[in-house]
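Everything on this sheet refers to the single structure shown next.
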Amino acid sequence: MKPAAMIPVVLERLREKYPDAKYELNWNTPYELLVATILAAQCTDERVNRVTATLFQKYPGGPQALADADTAELEEDLKPTGFYKQKTKTVQAMSRALLDDFKGKVPSRMEDLVKLPGVARKTANVVLNTAFQQASGIIVDTHVARVSQRLGLSKQEKPEAIEADLMKLVPKEDWTFFGPAVVLHGRYTCIARKPKCAECLLNDVCPKLGVAA
DNA sequence: CTCCCGATAT
DNA sequence: ATATCAGGAG
């Protein structure tokens, strides 16, 4: 089955299983979502939510508090999310850039967002799709990348190239659903190490590329 | 391409 | 022992 013909099937079945697929990160403001998304690199949402729950109480009011925070102390706060020195540096630099260049407000344009330290298209798309209801693009994280390759929707390796392929295939009105839904499918069914092909809702249309028989 | 970080599955 | 986990920077 050709990729273009698979898309309606994929969308229909994912909608049935995950009717209201959305990101499981907790947030109250675009800024909180941006920080949470940065912290989510190589880390589960559940762990991020535990950290941010106390983090935004301790550093309230947006980017100023985190920009001004003591770095060593913030490192301890972020430690459970892994890559904590890197993430501390990134979150503080991003917060300062927000204050310096955007009056402390999270910009709602892709071209502005990706200028922020620690923000590339994946993170920007999460913020735009989720907080600003904007179909700026399709979120391509490790799950979306893997599932897209296995389904034969893209043969590319780089996330940006995969996103470009997907944007041609998936109708724009489905972009904000496609990302989160495929993430869930990738996390719970089309698992990296040991995909559950037997119980997969797409196993009849999947070419099973890259999956051990 | 490597590094950042550490836990867990295989 | 190695791969992977909601990536991005140098």
Side-chain angles (χ1 to χ4, degrees), chain A residues 14 18 20-27 30-53 55 71-98 106-107 110-131 136-150 154 156-164 166 175-197 210-213:
Chain A
L14 287 179
Y18 306 109
D20 41 24
K22 61 176 171 62
Y23 280 82
E24 293 171 5
L25 291 172
N26 297 334
W27 57 280
Y31 174 71
E32 288 189 9
L33 177 61
L34 179 52
V35 173
T37 306
I38 290 172
L39 297 181
Q42 304 289 326
C43 177
T44 63
D45 284 359
E46 187 192 343
R47 193 173 289 255
V48 173
N49 286 335
R50 277 207 298 272
V51 169
T52 53
L55 185 74
T71 300
E73 192 176 341
L74 186 56
E75 284 182 352
E76 290 306 309
D77 294 328
L78 301 186
K79 198 166 241 174
T81 69
F83 289 3
Y84 64 96
K85 289 186 180 176
Q86 186 90 348
K87 286 176 182 175
T88 299
K89 201 173 294 181
T90 299
V91 165
Q92 292 203 290
M94 183 277 289
S95 298
R96 278 187 208 106
L98 227 40
V106 177
M110 171 65 75
E111 53 180 299
D112 290 331
L113 277 167
V114 295
K115 285 179 193 160
L116 296 169
V119 180
R121 282 194 65 92
K122 184 256 165 180
T123 301
N125 274 327
V126 170
V127 172
L128 290 171
N129 284 6
T130 308
S136 52
I138 296 175
I139 293 139
V140 177
D141 63 8
T142 178
H143 293 302
V144 178
R146 180 181 65 254
V147 172
S148 298
Q149 287 168 346
R150 286 179 175 172
S154 177
Q156 304 291 331
E157 296 281 344
K158 289 189 279 193
E160 316 87 70
I162 294 172
E163 186 188 356
L166 293 175
W175 288 3
T176 58
F177 168 78
F178 185 88
V182 174
V183 169
L184 293 177
H185 182 249
R187 187 193 297 168
Y188 299 120
T189 306
C190 196
I191 302 165
R193 303 182 213 209
K194 201 178 165 192
K196 299 179 179 176
C197 299
V211 180

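The structure displayed is predicted, hence computed values, not measured ones. So you know, we letter chains A, B, ... as the sequences are listed, proteins then strands, and number each from 1.
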>> Just so I know, are the side chains of A:Pro107 and A:Leu98 near enough to count as touching, which here means a heavy-atom distance under 4.5 Å?
In response: yes

> Counting side-chain heavy atoms from C-beta on, which of B:dT10, C:dT4, C:dG8 comes nearest to A:Ala192?
Replying inline: C:dT4

> What residues form a salt bridge (charged side-chain N to carboxylate O under 4.0 Å, His left out) with A:Glu46, not counting sequence neighbours?
Replying inline: A:Arg50

>> Could you check whether the side chain of A:Arg193 and the base of B:dT10 have a donor-acceptor pair of N or O atoms closer than 3.5 Å, going by distance alone?
In response: no

> Which nucleotide, C:dC5, C:dA9, C:dT4, lies nearest any side-chain atom of A:Thr142?
Replying inline: C:dC5

>> Between C:dA1 and B:dC5, how far apart are the two P atoms, rounded to whole Å?
In response: 24 Å

> Which part of the nucleic acid, if any, lies within contact of A:Arg146, taking any heavy atom under 4.0 Å across all strands shown: a base, the sugar-phosphate backbone alone, or nothing?
Replying inline: sugar-phosphate

>> Let me spell it out: for each of A:Leu25 and A:Leu116, pick the nucleotide of DNA chain C with the closest heavy atom. Which residue's pick is nearer the 5' end?
In response: A:Leu25

> For A:Ala120 and A:Ile191, take the nucleotide of DNA chain C holding the closest heavy atom to each; which residue's nucleotide lies nearer the 5' end?
Replying inline: A:Ile191

> Hey, does A:Trp175 have a side-chain heavy atom less than 4.5 Å from the side chain of A:Asn125?
Replying inline: no

> Among residues 73-85 of chain A, which contact DNA chain B at a heavy-atom distance under 4.0 Å?
Replying inline: A:Gly82, A:Phe83, A:Tyr84, A:Lys85

> When A:Arg121 is tested against each of A:Glu160, A:Glu163, A:Glu111 for salt bridge (Lys or Arg N to Asp or Glu O under 4.0 Å), which residue passes?
Replying inline: A:Glu163

>> To check you understand the geometry: which heavy-atom pair defines the closest contact between A:Cys43 and A:Val48, and what is its length?
In response: SG-CG2, 3.8 Å

>> Counting the atoms with a prime plus P, OP1 and OP2 as sugar-phosphate, which does A:Val119 contact under 4.0 Å by heavy atoms, base, sugar-phosphate, or nothing?
In response: sugar-phosphate

>> Suppose we screen for side-chain hydrogen bond (donor to acceptor under 3.5 Å, both in side chains). Which residues come up paired with A:Arg96, at least two apart in sequence or across chains?
In response: none

